[in-house]
There are 2 protein chains.
Amino acid sequence: MRFERAEHCDCTVIHEDAIKMVQEKLPEYQLIYEVSQLFRTFGDPTRARILCALKEAELCVCDLSALLSISQSAVSHQLRILKGMRMVKSRRNGKVVYYSLADEHIEALFRIAFTHVTEE
Amino acid sequence: MRFERAEHCDCTVIHEDAIKMVQEKLPEYQLIYEVSQLFRTFGDPTRARILCALKEAELCVCDLSALLSISQSAVSHQLRILKGMRMVKSRRNGKVVYYSLADEHIEALFRIAFTHVTEE
DNA sequence: TTATCATATGAACAACTGTTCATTCGATAA
DNA sequence: TTATCGAATGAACAGTTGTTCATATGATAA
């Protein structure tokens, strides 16, 4: 009984048993996709810097703009993305909108990533 | 004494103290950049699927191609990127090249990310 | 009301990314 | 050698992304 070959692969499958075993353990595509989207959002230096700053304190758009030397518009656009991914939350006080990290998971992921990068 | 405003921001800086405090704690740009590049590499669904598969077993390019229904060329290109980021390692045995995760950090990061995504 | 300030957003554009296709490389076997 | 197979790679291309610029909101103060 041969492994059913994917149309995209014109090679001979060499390790049928391994493939079958992995196939059973592999998470659903949707789940992997969501995880990758989470990582992708971290994966832009500007967003990463914004998150790092918000890790330390609640800040308004203008603070972030000045602190990171990024235009107000760019900060605002990125905050919109971060909010869409539920990584930051905001509250308005008069004209000023304050942003902070949505939950402690974000901070935890960063801590681990920094450990990983600085360890080697 | 006023906070020195960045040229990109035409707003009035509102929270000088907060900015000053965050500025001291903020990691260097280079470090944040490296972390974001690490995340970015995870941030593509194809690469994430390859890494998930390699988490379970050592596999050759052909195995991955068949298992994930991705062309051999696409798999090979992505493995090149993953290897460049030191996230996978490879060994050649005759015509076949076997890939596996570079270290246990990769697996750990995935575990946490999955927990995060599935928790909410 | 009008003016001003902080923020948000749409459009445009350049830069980047991931795939496909065609080809090449590297190793083995005939 | 020549043929074959698994893997790697360069070029091209479509799709995506992040920034800038201009403008629009939304809230406050005059």
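Per chain, numbering begins at 1; letters A, B, ... match sequence-line order.
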Closest contact, heavy atoms only, B:M21 versus A:A57:
CE-CB, 4.0 Å
[X] has an atom [atom1]; how far is it from atom [atom2] of [N], in whole Å?
X	N	atom1	atom2	answer
B:L68	C:dT19	CG	C1'	15 Å
B:R80	C:dT19	CZ	P	15 Å
A:I70	D:dT20	CD1	P	9 Å
A:Q78	D:dT16	CD	C1'	14 Å
B:D63	D:dG6	CG	P	11 Å
B:L59	D:dG6	CG	C1'	15 Å
A:Q37	C:dT17	CD	P	15 Å

Do A:I81 and A:L101 belong to the same hydrophobic cluster, where Ile, Leu, Val, Met, Phe, Trp and Tyr are linked whenever their side-chain heavy atoms lie under 4.5 Å apart, directly or via other members?
no
Output every pair passing ring-ring contact (aromatic ring centres under 6.0 Å, His included) with a member in residues 66-107 of chain B, not counting sequence neighbours, ordered by first then second residue.
A:H15-B:Y98, A:H116-B:H105
Give every residue pair that meets the ring-ring contact (aromatic ring centres under 6.0 Å, His included) criterion with at least one member in residues 42-65 of chain A, sequence neighbours excluded.
A:F42-A:F110, A:F42-B:F39
According to a strict under-4.0 Å criterion, is B:R40 in side-chain N/O contact with OP1 or OP2 of C:dT17?
yes
Determine all donor-acceptor pairs shorter than 3.5 Å in which one atom belongs to a side chain in residues 30-37 of chain B; sequence neighbours excluded.
from	atom 1	to	atom 2	distance (Å)
B:Q30	NE2	B:E34	OE2	3.2
B:S36	OG	B:Y33	O	2.7

Show me the pairs that pass side chain to side chain donor-acceptor pair (under 3.5 Å) and involve residues 41-58 of chain B, at least two apart or across chains.
B:R47-B:Q78, B:E58-B:R91
Tell me which one of A:D103, A:I50, A:L51 satisfies side chain to side chain contact (heavy atoms under 4.5 Å, CB included) with A:V88.
A:L51
Please list, chain by chain and in numerical order, all residues satisfying side-chain contact (heavy atoms from CB on, under 4.5 Å) with A:R92, sequence neighbours excluded.
A:V97
For A:A53, the side-chain contact (heavy atoms from CB on, under 4.5 Å) test, sequence neighbours excluded, returns A:L59, A:L64, A:L67, B:V22, B:L26
Where along residues 41-54 of chain B does a heavy atom come under 4.0 Å from DNA chain D, residue by residue in number order?
none
Near DNA chain D, counting only heavy atoms under 4.0 Å, which residues of residues 91-101 of chain A show up?
A:R92, A:G94, A:K95
Under the side chain to side chain donor-acceptor pair (under 3.5 Å) test, which residues partner B:K83, sequence neighbours left out?
B:S90
Side chain to side chain donor-acceptor pair (under 3.5 Å) involving B:S100 - partner list, sequence neighbours excluded:
none
Nucleotide N/O to protein N/O under 3.5 Å, stretch nucleotides 21-23 of chain D:
from	atom 1	to	atom 2	distance (Å)
D:dC21	N4	A:S73	OG	2.7

